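No experiment lies behind these values; they were computed from the predicted model shown.
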Amino acid sequence: MMNIEKQIEFDKVKEIWGNLAVTERAKEQIRNMSVYLSEIELRKQLRDTSDGRKMIEQYGTPPLPDVKETKEILKALEKGECLTPFQLERVERVLAAIHRLKEYLRRGVAIGSPIAWYHEDLEEMQDLREEICQKIRGEAVDDFASKELQQIRRQIVKCEEQMRQKADQIMRSHKEYMADQYSTQRNGRLCIPVKKEYKLKIPGSVIDKSATGNTFFIEPASVAKCYDELQIHRINEENEVYQILYELTAMVGEASDGLRENIAVIERLDFIFSKGKLSIDLGAAEPCINTERRIILKDARHPLMDRRINVPLQLEAGDSVRGIVITGPNTGGKTIAIKTVMLNCIMAQCGLHVTCSAAELCMNSSYLCDIGDGQNLTENLSTFSAHIKNVLEILREIDRDSLVVLDELGSGTDPAEGMGIAVATLEELKKSGCLFLVTTHYPEVKEYAGKSENILNARMTFDKETLRPTYQLVMGEAGESCAFYIAGRLGMPEEMLRAAARAAYGEDIYLGNTFQKSTKPGGNGGGSRIQKAKRPGKKQELSTKYNRGDSVMVLPDKKIGIVCEPVNEKGVLRVQLPGKKIWINHKRVKLHVAAAQLYPEDYDFSIVFDSVEQRKCRHEMERKYTEKTIVYKED
């Protein structure tokens, strides 16, 4: 797949797509993306892309945080490390981002966006966030994190102030001994600068001296006493700080499972929204998917080309047309045309929108192509050898669900032999039943396509007045290389043109017409298979899709719950999970065990869903008149 991605430039689309993701997990998923072969999964991915785009267009870019640092913090917790204030602040920032994301998603519920219900899977952890905010500030433990710490730091400030006062007092009373009028810190000790000749006049310890040796930095004895006291306070401060950090670390550890679940939801949403962002940036549209081998492209563009100058492509294949042979002049856009078709098909089968005004695309089991000259000096392969090697590999791998693209089929060798190989290759492609697009210059291949069932000629248009290609694809018509016409317009003498025509096509040829001639092996590869979705005979009514008491699995986390309230007109049902009830879109729920298999007929579900007080109140109401009421709290 990687070589094909490079040939059709899907790797460049992936690069653009990857830059729109925030989390490393989503970027990795994009880098490793390959086509979906399950029709159900592909349709879900396309719906996600459309829902993500709709949310972005309605409410702006989602506030998705980068969770890389949070993952590293969780790994540190697993090793038993104590978190630093910096790490704790990063946890608080992620929790704040989760709160904003949850609010963003809640707004999407109003427009009926299915992905908006992911807000139910995000846990805000407000208590943890407030605790960190209260005790950590500016990547340090705050003075007011505890009363003990507040008291210790006040004593430290008081002690430092006393040291400065004592040093200043000594300096004032012994000015003549001083080399400077300011005290200073040396090796962590508060010192006064004393002239060399007076060093014995000041009681204290020599801590340092100047480079010249004329000044001694002395810690006065009275200051040293305060320093010893200061060190005790600092030890107490360090112990209290570690106590606070260990307490906060323990709180984060208790919440680690919830944080991991939040991170998983964020990464999932990041992948979905990255597809929506790409759709907006490329001006793309959601394609219709089929498994009937049909391709219809309207106003298709190559996603990497400038929309202002790109000429839209119209193409239909499938049903009675299994192959298209595209002809036309050099630099006429044939290669871009086949790249555009395959690139849009691959994008659609990766769950992305396509650069068309409208498109109906089939799922393909494999994408096979040969584009470019393929020269490889290290393997001693010529252009023709490289082409043939690729074509033979393709013929071994194809099946009826493959999409094959071959550029300049049969080129790089003797024209007559190359033409024969091209026709033989087309015959094999036709036998396999696959869909294929081929570009060629051989007139015999055009003639073969014109006479063959299920193969259609197409041409890239050319303006003979300006001698420029117009890059438009016309279906059902064979093109011409225009080499003689271009040579004539550029001044080649008529005698030379006639000689060229006789050499190429024989005597009886009119130079103004298209020059053509005609003439007349198989592989059926096995590989990936498309998994078609089962088609229900009758559309199931949403209101009867789930019954009260059904055991269901909530996707994608596979949590098991019980249906409290069946699906409403908006497609949302209520599910009882451990400790809470949630509203969730029916598409994110899968039946686990039906209520009929779990409970007897006429089972009283209030035993499951009501509190003891509510059940007592209901029984009392059934027996006699009472003024009591039953209150249901919304979760």
Side-chain angles (χ1 to χ4, degrees), residues 69-70 72-74 76-77 79-97 99 125-173 178 180-194 202-208 217-256 259:
E69 286 182 334
T70 311
E72 292 172 355
I73 289 167
L74 290 174
L77 281 174
K79 295 176 184 176
E81 297 177 14
C82 179
L83 299 184
T84 64
F86 174 85
Q87 290 172 317
L88 288 165
E89 275 197 344
R90 292 304 176 274
V91 172
E92 188 277 325
R93 287 185 187 179
V94 166
L95 292 176
H99 171 74
M125 304 179 186
Q126 190 65 25
D127 292 343
L128 175 59
R129 183 184 167 198
E130 288 176 359
E131 195 71 18
I132 295 174
C133 284
Q134 184 182 357
K135 294 184 177 180
I136 306 295
R137 191 164 299 169
E139 297 181 9
V141 177
D142 191 72
D143 294 349
F144 301 97
S146 72
K147 289 182 179 179
E148 183 68 24
L149 183 62
Q150 184 181 2
Q151 206 170 32
I152 291 170
R153 285 183 173 170
R154 281 179 181 170
Q155 290 172 342
I156 289 173
V157 171
K158 183 179 178 182
C159 199
E160 288 174 340
E161 184 60 32
Q162 285 177 349
M163 290 169 65
R164 280 192 295 271
Q165 287 176 358
K166 289 180 183 295
D168 291 345
Q169 185 180 0
I170 293 170
M171 291 178 70
R172 284 195 300 270
S173 58
M178 298 299 117
D180 204 343
Q181 54 183 334
Y182 301 106
S183 58
T184 182
Q185 290 279 343
R186 288 297 170 106
N187 299 327
R189 315 296 283 258
L190 185 63
C191 304
I192 57 176
V194 181
I202 304 295
S205 304
V206 176
I207 304 299
D208 199 3
F217 296 97
I218 297 175
E219 180 187 40
S222 58
V223 173
K225 290 180 182 178
C226 292
Y227 180 80
D228 292 339
E229 183 183 346
L230 178 65
Q231 290 306 103
I232 293 171
H233 291 320
R234 282 182 172 159
I235 290 170
N236 292 335
E237 178 196 25
E238 186 178 356
N239 290 336
E240 183 62 20
V241 164
Y242 271 114
Q243 178 69 27
I244 292 165
L245 291 177
Y246 276 120
E247 288 175 0
L248 291 174
T249 299
M251 290 182 69
V252 176
E254 290 173 4
S256 60
L259 278 170

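- Closest approach of S183 to M171, counting heavy atoms only: N-SD, 3.8 Å.
- Contact of the S222 side chain with the I170 side chain is registered, since non-hydrogen atoms from C-beta on lie closer than 4.5 Å.
- For the atom pair E219 CD and R189 CZ, the distance stands at 4.0 Å (nearest 0.5 Å).
- Once rounded to the nearest 0.5 Å, the distance linking CG of L230 with CD1 of I235 reads 10.0 Å.
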**Q.** Working for side chain to side chain contact (heavy atoms under 4.5 Å, CB included), residues R153 and V241
**A.** CA-CA 11 Å; R153 285 183 173 170; V241 164; 3.7 Å; yes

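- Annotation: the span from L190 atom CG to Q162 atom CD amounts to 12.5 Å, rounded to 0.5 Å.
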(Q) Run the side chain to side chain contact (heavy atoms under 4.5 Å, CB included) test on E139 and R90 for me, step by step, so that the C-alpha distance in whole Å, both residues' side-chain angles and the decisive distance to 0.1 Å come before the verdict. (A) CA-CA 9 Å; E139 297 181 9; R90 292 304 176 274; 3.8 Å; yes

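- The two residues K135 and A145 have their closest heavy-atom pair at CE-O, 3.6 Å.
- Considering V141, D142, T84, V91 in turn, V141 is the only one that fulfils the side-chain contact (heavy atoms from CB on, under 4.5 Å) rule with I136.
- Scanning both residues, I73 and Q87, for their nearest heavy atoms gives CD1-O, 3.3 Å.
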If you look only at distance, which donor and acceptor atoms sit under 3.5 Å apart when one is on a side chain in residues 244-252 and the other is two or more places apart or in another chain?
unit_1, atom_1, unit_2, atom_2, d
E247, OE2, Q243, NE2, 3.2
T249, OG1, L83, N, 3.0
T249, OG1, L245, O, 2.7

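- A heavy-atom distance below 4.5 Å is found between the side chains of M178 and I202.
- For the pair P220/K166, no side-chain contact is recorded, criterion being any heavy-atom separation below 4.5 Å from C-beta on.
- Here the closest non-hydrogen pair linking M163 and C226 is CG-CB, 3.3 Å.
- Under the 3.5 Å distance criterion, the side-chain polar atoms of E237 are left unmatched by any main-chain donor or acceptor of I152.
- Taken from CZ in R137 to CZ in F144, the straight-line distance is 8.5 Å, to the nearest 0.5 Å.
- In this structure, P193 and Y182 approach most closely via the heavy-atom pair CD-O, 3.3 Å.
- Residues satisfying the side-chain contact (heavy atoms from CB on, under 4.5 Å) test with E229, not counting sequence neighbours, are C159, H233.
- A salt bridge links R234 to E160: one of the charged nitrogens lies within less than 4.0 Å of a carboxylate oxygen.
- L74 contributes atom CG, which lies 12.0 Å from atom NZ of K79 (distance to the nearest 0.5 angstrom).
- For the residue pair A255 and M125, the shortest heavy atom distance occurs at O-CE, 3.5 Å.
- One finds no salt bridge joining K158 and E161 here, because no Lys/Arg side-chain nitrogen approaches an Asp/Glu carboxylate oxygen to under 4.0 Å.
- Among residues two or more places apart in sequence or in another chain, the side-chain hydrogen bond (donor to acceptor under 3.5 Å, both in side chains) test is passed with Q185 by none.
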